[in-house]
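Working notes, beginning with the structure itself.
Values in this document were obtained by computation on a predicted structure and should not be read as measured data.
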Amino acid sequence: MRTEPDTIGRTALHSPQPDAARVRALHELQLLDTPPEERFDRITRLACRLLGVPISLLALVDTDRQWFKSRVGIELRETARATSFCTHTIEHPGGLVIEDVRRDPRFAANPFVLGEPRVRFYAGIPLAAPDGSRVGALCVIDREVRHFDADQMATLQDLAAIAGDELRARPAGRPAPEGWEKALVAHLPDGILMLNVHGEIVAANPAAERIFGASGAMLAGRPMSELLGEDVLMRRRAGAALEGRTYQAMARRLDGSHFPVEFSYCRMAWAARPKFAVTMRDITQRRDQEERARATDARRRHHFATATHELRTPMSSVLGFSELLLKRDFDPATQRELLEIIHRESARLVDLVNQLLDLSRIEAGGAADLKLAAVALPDLVAHTLAGLEGLGQSHRVRTELAADLPPLAADRQKIQQALTNIVSNSIKYSAPDTPIVIEAWMSQFEGRPMTAIRVRDQGIGMTPQQQAQVFDAFYRVDRASTVPGSGLGMTILKEIVDLHGGRIAIDSALGAGTEVTLYLPPAVPDDGPA
């Protein structure tokens, strides 16, 4: 429910809930002034992460104060009830959203609006005790005015429902079974390290053991700074590490290997003594994905910039020669010559656009877009050669495939496109009377069993410098040649092979031909039911 100044009168029509019953229900929960608990802290952390806000609170409204059972992004543990936003929230069963609190007379003069943390946006959902009394709220706060859409409101409601379940999880006076909490910590996907006040590890959950590659017994007693490369508690004392806030660092396993982690910490009481829980996750995969995304974006920008130039040339030819035909009369022979130029440049333009679209689709889809299946190599080669019959030189191609080759683990369409690009290059850049050979055999490459597929020709070949550039987008070995091409065939080839986890090797000499060898993973045999 969104509350703006022109709707305040209407929202005030909600009948207030009985205060005495609410306070009694609150105290029966036995949560006031208790240490932080991970089950609540997870919810406020998730609220910040999912809704993109700096502050999230799980607040309980007592007789004269608002106390925070969990908080992220703020150091205060409680505030006076008179300045509490959540006091208003519990009067609205559907929740309260204020997109600009300065426009709301109830909050415009609030000290937390005029001063730190300079609240500008507020959204809260009330939390109910077992008897239905609304005893507090899960709320999110931003220092900027913002719009809160239906999906965001639904997310906050879902998190509030979980928080409400946690509030009601413990009947009054009955502590939660210790085994339940241990099981919860044991099954969390994030690693948790418990530290004493000296910053030494006293316990680790199974996820932390997996992250660091060591048992809890091996980790116990070690300073956290030995694994994280920095002293979290020292940073806390210096005010450089705030409770509940997420940080990134390079961590170190006991074997000396380093990896990136995301971590946060909270202070808590355990076995009647103060402790610190550090929650962390290995973000190596996320960093790799981000790096690949950055590299892909950089390639796309480069491709776009180069494509602009490459497209301009045939478009200029088509426009220029068609304009000549429109403005002047030519004899039939000259007219046909100009039309042939327009047709040739138009075909080049279409080929270039199609290749760009292919490259864009491959880069955008990534490995997730591959339709992997077991692909028989003889069948793949036969279909590739059938597709090249239009060039009129398929008879030059000889195949030498080893017997009993296992099928490839491949996307049939993309691997056929890759093989087509190599064979068509061999046909275009070698003399019509020279043979082209396709060979295949099982091999070892970088310690893995791979199927090797080699295309060998006796064409113009390449210098070492040309070989170094052959996979660059729009690069053509022989730009002076009349052989049609976009300069994207080898770029697309490499993208496809990389997506399959394969490798490419090129052996070429100027004037002596070229060998292009693909190393592709074979399909894992299906042994059937045991």
Side-chain angles (χ1 to χ4, degrees), residues 1-17 22 40-61 65-74 76 78-129 132-167 244:
M1 172 179 187
R2 186 176 300 131
T3 303
E4 295 291 344
D6 59 345
T7 62
I8 290 172
R10 177 157 45 85
T11 58
L13 294 176
H14 289 290
S15 57
Q17 60 174 351
R22 180 189 59 75
F40 294 113
D41 292 341
R42 277 197 308 275
I43 297 169
T44 49
R45 289 198 303 269
L46 273 174
C48 285
R49 185 179 304 174
L50 296 177
L51 298 173
V53 295
I55 299 172
S56 176
L57 305 168
L58 197 157
L60 302 174
V61 181
R65 62 173 178 153
Q66 170 188 246
W67 181 79
F68 303 134
K69 175 60 183 172
S70 180
R71 66 194 194 282
V72 173
I74 194 169
L76 292 172
E78 62 181 57
T79 69
R81 183 175 173 181
T83 59
S84 164
F85 284 67
C86 294
T87 298
H88 297 271
T89 302
I90 62 176
E91 299 299 338
H92 297 280
L96 181 64
V97 176
I98 312 168
E99 296 183 346
D100 187 349
V101 298
R102 294 171 298 181
R103 296 177 56 198
D104 192 320
R106 294 172 297 178
F107 305 107
N110 189 292
F112 300 114
V113 176
L114 299 177
E116 289 299 327
R118 300 198 178 278
V119 178
R120 295 293 179 266
F121 167 86
Y122 172 90
I125 303 293
L127 304 175
S133 299
R134 296 187 293 277
V135 296
L138 175 67
C139 65
V140 292
I141 293 170
D142 205 339
R143 299 183 179 92
E144 303 287 340
V145 175
R146 62 183 289 172
H147 171 66
F148 212 55
D149 61 30
D151 287 340
Q152 291 170 316
M153 190 63 173
T155 298
L156 185 58
Q157 288 169 337
D158 289 342
L159 292 172
I162 296 171
D165 289 341
E166 292 291 353
L167 283 179

Looking at side-chain heavy atoms only, is the closest gap between Ile125 and Met153 below 4.5 Å?
-> yes

For the atom pair CD (Glu166) and CG (Leu58), what is the distance rounded to the nearest 0.5 Å?
-> 10.0 Å

Close side-chain approach of Leu138 and Ile162, heavy atoms under 4.5 Å = no

Atom CG of Leu156 and atom CG of Leu50: how far apart are they, to the nearest 0.5 Å?
-> 10.5 Å

Find out whether Arg143 and Pro117 are in side-chain contact, i.e. whether some heavy atom of one side chain is under 4.5 Å from a heavy atom of the other.
-> yes

Do Leu76 and Phe112 come close enough that some side-chain heavy atom pair is under 4.5 Å?
-> yes

Quick one: CZ on Arg65 to CZ on Arg81, what's the gap to the nearest 0.5 Å?
-> 12.5 Å

Within-4.5 Å side-chain heavy-atom neighbours: Val101 and Phe85 = yes

Decide yes or no for Val53 and Arg146: does some side-chain heavy atom of the first lie under 4.5 Å from some side-chain heavy atom of the second?
-> yes

Using a 4.5 Å cut-off on heavy atoms from C-beta on, say whether the side chain of Arg102 contacts that of Val113.
-> yes

Just wondering, do Thr44 and Val140 contact through their side chains at under 4.5 Å, heavy atoms?
-> no

Pairwise distance CG(Asp100) to OH(Tyr122) - rounded to 0.5 angstrom | 15.5 Å

I would like to know whether Ser70 and Asp41 meet side chain to side chain donor-acceptor pair (under 3.5 Å); could you show each step before the answer?
-> CA-CA 6 Å; Ser70 180; Asp41 292 341; 2.6 Å; yes

